[in-house]
Amino acid sequence: MSATRVLVLNSGSSSLKYQLLDMRDSSRLASGLVERIGERSSRLKHTPLATGGGTREQGVPIADHDAALKAVAEELAKDGLGLDSPGLAAVGHRVVHGGKHFTRPTVIDDAVLAEIERLIPVAPLHNPANLTGIRTATALRPDLPQVAVFDTAFHTTMPEAAARYAIDVETADAHRVRRYGFHGTSHAYVSRATARLLGKAPEEVNVIVLHLGNGASASAVEKGRCVDTSMGLTPLEGLVMGTRSGDADPAVIFHLARVGGMSIDEIDALLNKKSGLVGLCGDNDMREIQRRIDEGDDQAKLAFDIYIHRLKKYIGAYYAVLGRVDAVAFTAGVGENAAPVRAAAVAGLDSLGLAVDDELNAVRGDEARLISPADARVAVAVVPTDEELEIATQTYALVKR
């Protein structure tokens, strides 16, 4: 039996998401989630897609990521898909921060682990959890290739003019201060899928990708390469998000410290967890915000308008960066499902060739589709993202080489 399967692991601080894919046809064999790891209310949800069986759930205490992955392995084994299967080619790990060093998927060894660990100061919430998942999977299958696919890798093609902040160069270099960008696997997948939707190769098109979820980011993709993106040193910069402020004058921090008497930790929590939509109107669910707007809620309407204003600014900015735009692609939870957001984001941009067809925009579906009028100069698309497939594809291509 040839090894064609890839297990994709996404290790969070208290969760473990996974999918098992067969790369012969990119089919999903199983998927699941372990949540609330380390708590008494831990829960494992496992769906054996290959057998067509229903989701199995168990609520048992799962002490740590080691126990979580062992529980996942047991569930997979019940379906004949265990980690000891000769059909398993590799494990692909989502790693949030790869810095400047990692520009492509990488087989993990001690040196790679050490570099991911050195990057913890710029990704304190994510890289430690990613490392735990890698070490746990390696312990279970030390003979199997473990591959890191980095969220930042797709953005390492940005020119220095886009990646550098205008601060003292020596200080910036000493502390790794630059714009890295995130959601890279999503932006990579969606930009290529958009090109396919247009019947062209990625190298033939320029695309603005709008990844709009609770976290949100935009990217300018020129001929398949990222040339700018909205997130920076951390995922805080850029668009208005569910709980993050996005762009703000850095002096806001000094002002809150000096005048508001707030500590650095308090300001960090404010900008990352108590700002964005939730800070503006108390809700970070776009469906609830839209319901409130329909009922005449002025605060929800203001939050929506601020969200759209920032989004529209980035569309215009990236249009200028690219010079020519073939498509604008909406993806992720809000981008794929919130028709009012898509309509508002391009409203008034007719002179740039951007418009949506109201009937097409209102259609819901799981397939990539165009929502712009047939004669539009620039295509507007809804392209469901698939980060797990992107990680599996990159992982399998690397181990096959």
*Quick one: salt bridge (charged side-chain N to carboxylate O under 4.0 Å, His left out) partners of Glu39, sequence neighbours excluded?*
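Counting only residues at least two positions away or on another chain, Glu39 forms no salt bridge (charged side-chain N to carboxylate O under 4.0 Å, His left out).
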Acceptor/donor pairs from residues 52-73 side chains to any protein atom, 3.5 angstrom cut, sequence neighbours excluded:
from: Thr55; atom 1: OG1; to: Thr47; atom 2: OG1; distance (Å): 2.7
from: Arg56; atom 1: NE; to: Glu75; atom 2: OE1; distance (Å): 2.9
from: Arg56; atom 1: NH1; to: Asp79; atom 2: OD1; distance (Å): 3.1
from: Arg56; atom 1: NH2; to: Glu75; atom 2: O; distance (Å): 3.1
from: Arg56; atom 1: NH2; to: Glu75; atom 2: OE1; distance (Å): 3.0
from: Arg56; atom 1: NH2; to: Asp79; atom 2: OD2; distance (Å): 3.2
from: Glu57; atom 1: OE1; to: Arg43; atom 2: NH1; distance (Å): 3.3
from: Gln58; atom 1: NE2; to: Glu75; atom 2: OE2; distance (Å): 2.9
from: Asp64; atom 1: OD1; to: Asp66; atom 2: N; distance (Å): 3.3
from: Asp64; atom 1: OD1; to: Ala67; atom 2: N; distance (Å): 2.8
from: His65; atom 1: NE2; to: Gly12; atom 2: O; distance (Å): 2.8
from: Asp66; atom 1: OD2; to: Lys70; atom 2: NZ; distance (Å): 3.1

What distance do [X] atom [atom1] and [Y] atom [atom2] have between them, rounded to the nearest 0.5 Å?
{"X": "Lys400", "Y": "Ser2", "atom1": "NZ", "atom2": "OG", "value": "7.0 Å"}
{"X": "Thr234", "Y": "Phe182", "atom1": "OG1", "atom2": "CZ", "value": "6.5 Å"}
{"X": "Leu239", "Y": "Asp247", "atom1": "CG", "atom2": "CG", "value": "8.0 Å"}
{"X": "Arg310", "Y": "Ile315", "atom1": "CZ", "atom2": "CD1", "value": "13.5 Å"}
{"X": "Arg135", "Y": "Leu140", "atom1": "CZ", "atom2": "CG", "value": "14.5 Å"}
{"X": "Ser186", "Y": "Asp386", "atom1": "OG", "atom2": "CG", "value": "9.5 Å"}

Considering only heavy atoms from C-beta outward, does the side chain of [X] approach that of [Y] to under 4.5 Å?
{"X": "Arg24", "Y": "Tyr396", "value": "no"}
{"X": "Leu88", "Y": "Leu144", "value": "yes"}
{"X": "Ser85", "Y": "Arg5", "value": "yes"}
{"X": "Arg179", "Y": "Met231", "value": "no"}
{"X": "Val91", "Y": "Val147", "value": "no"}
{"X": "Leu76", "Y": "His46", "value": "yes"}
{"X": "Leu33", "Y": "Leu44", "value": "no"}
{"X": "Val341", "Y": "Leu212", "value": "yes"}

*Out of His126, His97, His155, which one pairs with Tyr180 under the ring-ring contact (aromatic ring centres under 6.0 Å, His included) rule?*
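The residue from His126, His97, His155 that satisfies ring-ring contact (aromatic ring centres under 6.0 Å, His included) with Tyr180 turns out to be His97.
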Distance-only donor-acceptor pairs under 3.5 Å for side chains of residues 98-110, two or more places apart:
from: Thr106; atom 1: OG1; to: Arg104; atom 2: O; distance (Å): 2.9
from: Asp109; atom 1: OD1; to: Ala111; atom 2: N; distance (Å): 3.1
from: Asp109; atom 1: OD1; to: Val112; atom 2: N; distance (Å): 2.9

Donor-acceptor pair, [X] side chain versus [Y] backbone, under 3.5 Å?
{"X": "Arg258", "Y": "Ile253", "answer": "no"}
{"X": "Arg342", "Y": "Glu336", "answer": "yes"}
{"X": "Tyr18", "Y": "Asn10", "answer": "no"}
{"X": "Arg28", "Y": "Leu49", "answer": "no"}
{"X": "Tyr318", "Y": "Ser230", "answer": "yes"}
{"X": "Ser26", "Y": "Asp22", "answer": "no"}
{"X": "Asn127", "Y": "Ile116", "answer": "yes"}
{"X": "Ser372", "Y": "Val380", "answer": "yes"}

Classify the side-chain pair [X]/[Y] by whether it contains a donor and acceptor separated by less than 3.5 Å.
{"X": "His211", "Y": "Thr331", "answer": "no"}
{"X": "Asp268", "Y": "Asn272", "answer": "yes"}
{"X": "Asn130", "Y": "Arg94", "answer": "no"}
{"X": "Ser42", "Y": "Arg36", "answer": "no"}
{"X": "Thr229", "Y": "Ser219", "answer": "no"}
{"X": "Asp265", "Y": "Ser263", "answer": "no"}

Under 4.0 Å between a side-chain nitrogen and a carboxylate oxygen: does that hold for [X] and [Y]?
{"X": "Lys301", "Y": "Asp297", "value": "no"}
{"X": "Lys45", "Y": "Glu35", "value": "yes"}
{"X": "Glu222", "Y": "Arg324", "value": "no"}
{"X": "Lys273", "Y": "Glu266", "value": "no"}
{"X": "Arg164", "Y": "Asp173", "value": "yes"}
{"X": "Glu204", "Y": "Lys223", "value": "no"}

Any chance [atom1] of [X] has more than 12 other-residue heavy atoms, nucleotides or ligands included, within less than 6.0 Å?
{"X": "Lys313", "atom1": "NZ", "result": "no"}
{"X": "Glu160", "atom1": "CD", "result": "yes"}
{"X": "Asp366", "atom1": "CG", "result": "no"}
{"X": "Arg141", "atom1": "CZ", "result": "yes"}

*Criterion salt bridge (charged side-chain N to carboxylate O under 4.0 Å, His left out) on Arg292 and Glu295, from CA distance to verdict*: CA-CA 5 Å; Arg292 288 171 56 185; Glu295 293 178 354; over 6 Å; no
*Would you check, one step at a time, whether the test side chain to side chain contact (heavy atoms under 4.5 Å, CB included) holds for Thr395 with Val8?*
CA-CA 9 Å; Thr395 296; Val8 175; 6.0 Å; no
*Would Leu29 and Leu21 satisfy side chain to side chain contact (heavy atoms under 4.5 Å, CB included), going step by step from the backbone distance to the final call?*
CA-CA 6 Å; Leu29 305 177; Leu21 297 94; over 6 Å; no
*asked:* My understanding is that only one of Thr243, Asp285, Asn284 makes a side-chain hydrogen bond (donor to acceptor under 3.5 Å, both in side chains) with Asn214; could you say which?
replied: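 The option that passes is Asn284.
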_With side chain to side chain donor-acceptor pair (under 3.5 Å) as the criterion, how do Glu387 and Thr185 come out once you've worked through the C-alpha distance, each side chain's angles and the decisive distance to 0.1 Å?_
CA-CA 6 Å; Glu387 294 175 88; Thr185 51; 3.3 Å; yes
*asked:* Determine whether Val278 and Asp283 satisfy the following criterion, side chain to side chain contact (heavy atoms under 4.5 Å, CB included), listing intermediate values before the conclusion.
replied: CA-CA 4 Å; Val278 79; Asp283 274 307; over 6 Å; no
_Parallel, tilted or perpendicular: rings of Tyr307 and Phe304 (30°, 60°)_ =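 Judged by the thresholds at 30° and 60°, the geometry between Phe304 and Tyr307 is parallel.
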*asked:* On a heavy-atom basis, which atom in Ala216 and which in His183 lie closest, and how many Å separate them?
replied: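 Where Ala216 meets His183 most closely, the heavy atoms are N-CE1, 3.9 Å.
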